[in-house]
Number of protein chains: 2
Amino acid sequence: MRYRRIPNETVRRLPLYLRCLLLLSQNGNKSVSSEGLARIANVNAWQIRKDFSYFGGFGIRGFGYDIGNLTGQIRKILRLDAVHNAVLVGVGNLGSALLAYPGFKTYGFRIVAAFDNDSGKIGKKVGDVKIEDARRIGMLKPKCVTLAIIAVPAAAAQQAVDSLVEAGVKGILNFSPVHITVPKKIKVITIDIATELARLPYYIPSGGKE
Amino acid sequence: MRYRRIPNETVRRLPLYLRCLLLLSQNGNKSVSSEGLARIANVNAWQIRKDFSYFGGFGIRGFGYDIGNLTGQIRKILRLDAVHNAVLVGVGNLGSALLAYPGFKTYGFRIVAAFDNDSGKIGKKVGDVKIEDARRIGMLKPKCVTLAIIAVPAAAAQQAVDSLVEAGVKGILNFSPVHITVPKKIKVITIDIATELARLPYYIPSGGKE
DNA sequence: CTATGTGAATTTATTCACAGCA
DNA sequence: TGCTGTGAATAAATTCACATAG
C-alpha cells in the first residue's frame, strides 16, 4: 500500500467502478480485467489500473480482478461498507423525487427523515417517510445521521445547512443553486442542475442553434 | 480576442458567473470587480480574470466589469443569447420534478414537450406540457428542438437517446446512471445523482461513521 | 492609483510504455 | 504468456506576480 495523495478525480470515479462491478456481479461474473471494466465504465483501462494503484492495487497479474474482493475494497475506501442514513430537507418537486429515487440504495443509502417548512406538508407521508417541521432538524442528534440532502430554494439553503451542521451532519449533497458556507470539517457536494444544462449549448456546433 | 483553447473547466464556470451576475443585476448593481464577483461565486479573483482572458477579457482596467456587457458576452459564448427549447423523456418522479424545475428559465430554457412509454401517463398534463407517447419522439423534427433531458431508468436510456438523436437532438442532459453511446457530434452531459452522494462519505473523517 | 490581463511557475491529472509477477 | 502496477512523460488547470491600461 502506497501513501500518495489520492487525486479527487480518482475518488470521483470510484463510485462509477463500483456500480459497474455490481452490474457485472449480477450478470454472474466472478472476475474482470481492467480492459473489461473499462469498456463498461467508459474510461481507459490504464486509468482504472492507475486509480487502483493509488491504493496499492487490487488485481492479480495475468488474471485481472476478483469482483467480490474489488467491490469490497472500493466500498471500504469510500466508507460504503455500512449503511448510511441520510435526511432530506425540502420536500418540493425535486425533494419528493429524491425521496423515491431508487439509485441511492445501490450504495447503501437510506433516507430516514424528511423536513420542510411548509405547514401544508408537515405530517404527510411520502413513501415510508413522514415529513417533519424543519424547525425540528435540531432533534436529529440522537439518531446520529451524518449525511443530508438539501433541495430547498436558494434563499432557504444557508439556514437549512446551518441547522443541519448544528445537528451534527458532516456531509451535504446540495441541490440548491447557491454557494453555502460551512465549517472546514463539513463536506458539501453541489449538484447544480440548471448550470449543467447551461453549458450544453456551448458544445453544440452552431447552425442548428434552435 | 485571443484564440487559445478554452479549458473545459472554464466553460463549466461560465454559467455560474452568469447566475451571479444576474443576481447582482437584480440587486441594482451596474458594475463589479473580479474580487466582488469572486466572493459571490466562491472562486478566486484571478481565476475569474484568467477565465475571461481566454476570450480576450471583458473588463476595464482600474474599474472592473460592466455587468450588462459581461452578461451579454457570457450569454453569447454559451449560446444562451436565444431561448432554447428542450424536451423531456421519462416523466417519473424525477422527470416530473424537472418539468417543474424553476432554475432552467434563469438561462432561457423552456421544456416544450415530454415523453413517456407508460400508457397510464400518456395524455396527462404536467404543468403546461402534455405527456406524449415515447414512440412519437421521431415526430420532433419540424420543431427543431436541439436539446433533450432524459430521466428514464438505466435500461431504457440508450433507446431513448437513439430516438432523440434520430430526431435531430444535438445535446442531451442525462440523469440515467449509465453510459450512453452517441455519434461524435452529439454532446452528452450526465448527472449521476447517486454516485455524487456515494463519494461524500469518503470525505467525512471517520469516527462519526454512522 | 486601481483593478485588469497574461506570461511564467506550479500543481494536478492523464497518458504512455514497459518492468514484473502470477 | 497475459494483465497488472507504476515510474516517467505529457497535458491540463491553477496559481502567482506584475506589467499595463484606464
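Atom set for the values below is all heavy atoms of this structure, side chains included, hydrogens, waters and symmetry mates excluded. All values derive from a computational prediction rather than experimental measurement. Quick note on labels: first sequence line is chain A, next is B, and so on, each numbered from 1.
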Rounded distance in Å - [atom1] ([X]) to [atom2] ([N]):
X	N	atom1	atom2	answer
A:N44	D:dC3	CG	C1'	16 Å
A:R5	C:dT12	CZ	C1'	7 Å
B:W46	C:dT6	CH2	P	18 Å
B:E9	C:dA13	CD	P	10 Å
A:F63	C:dG20	CZ	C1'	18 Å
A:R49	D:dT4	CZ	C1'	6 Å
A:Y65	C:dA22	OH	C1'	14 Å
A:K50	C:dC18	NZ	C1'	13 Å

**Q.** Donor-acceptor pair (no angle test) under 3.5 Å: B:R61 side chain, D:dT20 base
**A.**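 Counting by modelled atom types and ignoring angles, a donor-acceptor contact under 3.5 Å is found here.
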**Q.** Main-chain N/O of B:V145 paired to B:N85 side chain as donor or acceptor, under 3.5 Å
**A.**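 No, the answer is negative, given that no donor and acceptor are paired below the 3.5 Å cut-off.
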Q) Are the aromatic ring centres of B:F58 and B:F52 under 6.0 angstrom apart? A)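 Centroid separation for B:F58 and B:F52: below 6.0 Å.
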(Q) Is a donor from one side chain sitting under 3.5 angstrom from an acceptor on the other, for B:Y203 and A:N8? (A)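 Checked: B:Y203/A:N8 side chains pair up, N/O donor to acceptor below 3.5 Å.
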Q) Can a donor-acceptor pair be found between the side chains of A:D66 and A:S31 at a distance below 3.5 Å? A)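 No, no side-chain donor-acceptor contact under 3.5 Å.
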**Q.** A:S34 vs D:dC3: side-chain N/O to OP1/OP2 distance below 4.0 Å
**A.**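 So the side chain of A:S34 is outside the cut-off, no N or O lying under 4.0 Å from OP1 or OP2 of D:dC3.
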Q: Please determine if a side-chain N or O atom of B:R13 lies less than 4.0 Å away from the OP1 or OP2 oxygen of D:dT14.
A: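 Answer yes for this pair, as a side-chain N or O of B:R13 is under 4.0 Å from OP1 or OP2.
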Q) At under 4.0 Å between heavy atoms, what does A:Q47 touch on the DNA or RNA strands: base, sugar-phosphate, or nothing? A)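 Answer is sugar-phosphate: A:Q47 comes under 4.0 Å of backbone atoms only.
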Q: Select from A:P7 and B:D51 the residue whose nearest nucleotide in DNA chain C is closer to the 5' end of that strand.
A: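 Nearer the 5' end of the strand: B:D51.
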